[in-house]
Protein chains: 2
Amino acid sequence: MAAPGLRERRRRQTMAEISEAALTLFEERGLEAATVDDIAEAAGISQRTFFRYFAAKEDAALPAHREFEDAVEAGLGQADPEADPCEELGKVYGRALQAFADNASAASQRMLRVSRLLRREPLLRAALVRHSAARNARLFQALAAKFAGPQADDLQLRVAVELCTGLARAAFDTWTERLEAGRPARLPEIFVDAQDAAQRVRTAF
Amino acid sequence: MAAPGLRERRRRQTMAEISEAALTLFEERGLEAATVDDIAEAAGISQRTFFRYFAAKEDAALPAHREFEDAVEAGLGQADPEADPCEELGKVYGRALQAFADNASAASQRMLRVSRLLRREPLLRAALVRHSAARNARLFQALAAKFAGPQADDLQLRVAVELCTGLARAAFDTWTERLEAGRPARLPEIFVDAQDAAQRVRTAF
DNA sequence: TGCCAATATGGCAGTATCTGCCATATTGGC
DNA sequence: GCCAATATGGCAGATACTGCCATATTGGCA
């Protein structure tokens with residue numbers, strides 16, 4: 001990708017400022033008490049402009065997740081079509097989670113803020129799912145298209161997608177909770193542990 | 001539980017009528033195009049009364065899921081605390097899904113209508129998650145409390161809950177899709193197949 | 001450099017969701 | 001048959017979001 005251009009850079013900058021303002025206000029006042037007007041004012045823009053950057057109030061807290069899911073989708077595009085689809089999906093998630101290997105990094109700190117909000121704001125969780133639903137459907141389609149063959153049973157692939165997204169969710173939640181409790185936690189390791197835990201659950205069936 | 005009383009019966013009746021009207025309008029016009037005023041008028045009540053029965057527009061389509069999740073939660077309360085928690089959770093879900101064993105039953109038909117809507121309305125999926133988030137947290141707490149012990153690792157239980165809810169979701173989706181495509185499908189069997197599918201996914205990692 | 005087209009922003013009116021408040025009606029128990 | 005509890009309706013208001021138009025800023029090009 002060439003030079004992003006001044007307009008594009010400015011756009012990203014503004015979006016980041018809005019998101020930062022939204023995150024702060026959500027943390028301080030709660031998701032519902034913080035109004036779009038508050039956020040817009042804190043970010044130095046009008047309400048109308050806010051909705052040109054984010055389609056809904058809650059979305060302003062979720063660009064970090066959007067980027068993560070973009071990374072998963074992009075990673076899947078480069079997966080080996082010959083290998084086992086479920087295994088490839090697990091690897092792709094594992095690699096994407098490496099972006100949060102260092103708890104002190106800016107990316108991790110930002111993701112942790114959102115994760116904490118997600119834990120106490122069901123509405124935010126719902127907003128996340130609203131986008132993830134469409135994305136998971138695409139993921140499912142991509143998997144089915146890429147790995148067309150005898151193993152491409154619809155239920156099998158659907159379960160693989162549900163399992164991986166569920167494991168990622170569980171890993172994020174556990175990571176956030178343990179750090180909040182002052183315990184050590186590293187996301188990639190937790191994801192591996194979650195995979196092991198899933199193994200044990202299956203054998204229990 | 002004694003006689004429900006006239007008031008309670010009437011309340012259930014009204015709620016069912018609102019839900020029926022909402023479901024029909026959502027199917028005909030789509031979730032966003034159908035307004036609360038439309039639904040209220042079709043159900044013969046005022047808008048204000050609608051919001052006394054359902055906290056949000058989308059909720060009017062979801063009492064079937066609410067009942068299902070109530071059944072899961074109740075079933076878990078009666079689970080054997082000595083047994084393996086993950087196995088018990090799987091059994092509880094399996095039993096709850098038996099309510100939809102007969103595709104022609106009223107319960108199945110109603111659930112199928114909602115499931116079809118869920119497939120094409122991400123907003124409805126989001127509304128469902130909004131409630132399920134709190135419920136899953138309770139499920140997790142209940143599991144942890146009931147099966148306190150060395151095996152009650154937080155990550156392990158979280159994964160079990162995510163896995164079971166994910167499998168149930170995959171089973172519902174597959175059930176709905178296959179029936180829509182004119183293929184035979186029976187929900188309890190699909191859930192068992194989903195458990196088997198999960199077995200295969202784990203070995204993939 | 002200066003102009004033009006593209007794009008970003010703001011303001012404003014309008015719709016829809018959802019809530020609080022009060023008045024009225026219906027209901028269940030004594 | 002009366003009284004308290006509860007259900008309902010109407011209305012005003014807050015907030016989320018959208019369409020439309022006017023204005024300003026920007027990037028490319030002569």
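Below, read A as the first sequence line, B as the second, and so on, with proteins coming before strands; counting in each chain starts at 1.
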Find the distance [X]:[atom1] to [N]:[atom2] and express it as a whole number of Å.
{"X": "E41(A)", "N": "dG11(C)", "atom1": "CD", "atom2": "P", "result": "12 Å"}
{"X": "D38(A)", "N": "dA14(D)", "atom1": "CG", "atom2": "P", "result": "14 Å"}
{"X": "F51(B)", "N": "dC21(C)", "atom1": "CZ", "atom2": "P", "result": "18 Å"}
{"X": "R10(A)", "N": "dG27(D)", "atom1": "CZ", "atom2": "C1'", "result": "14 Å"}
{"X": "I45(B)", "N": "dT26(C)", "atom1": "CD1", "atom2": "P", "result": "17 Å"}
{"X": "E8(A)", "N": "dT26(D)", "atom1": "CD", "atom2": "P", "result": "15 Å"}
{"X": "K57(A)", "N": "dT17(C)", "atom1": "NZ", "atom2": "P", "result": "17 Å"}
{"X": "Q47(B)", "N": "dA12(D)", "atom1": "CD", "atom2": "C1'", "result": "12 Å"}

Residue whose nearest DNA chain C nucleotide is more 5′ - F50(A) or A34(B):
F50(A)

So R52(B), base contact, sugar-phosphate only, or nothing? Heavy-atom distance under 4.0 Å.
base

Which residue in the set R11(A), R9(A), E17(A) passes side-chain hydrogen bond (donor to acceptor under 3.5 Å, both in side chains) when paired with Q13(A)?
E17(A)

Paired with [N] by Watson-Crick or G-U wobble geometry, both distances under 3.5 Å: which nucleotide is it?
{"N": "dA7(D)", "answer": "dT24(C)"}
{"N": "dT15(D)", "answer": "dA16(C)"}
{"N": "dC30(C)", "answer": "dG1(D)"}

Is [X] close enough to [N] that one of its side-chain N or O atoms is under 4.0 Å from OP1 or OP2 there?
{"X": "S46(B)", "N": "dG9(D)", "result": "yes"}
{"X": "T35(B)", "N": "dA16(C)", "result": "no"}
{"X": "Y53(B)", "N": "dA7(D)", "result": "no"}

Rounding to 0.5 Å, atoms CG (N136(B)) and CG (D173(A)) come to a distance of 10.0 Å

So with a 6.0 Å cut-off around CD of E27(B), is the heavy-atom count from everything else above 12?
yes

Hey, are T174(A) and R158(B) close enough side-chain-wise for a donor-acceptor pair under 3.5 Å?
yes

At less than 3.5 Å, do the side-chain atoms of R7(B) and the base atoms of dT27(C) form a donor-acceptor pair?
yes

Non-hydrogen atoms of E121(A) and G30(A) that approach each other most closely:
OE2-CA, 3.5 Å

I want to confirm an ordering. Mapping E32(A) and R48(B) to their closest nucleotides on DNA chain D, which one lands closer to the 5' end?
R48(B)

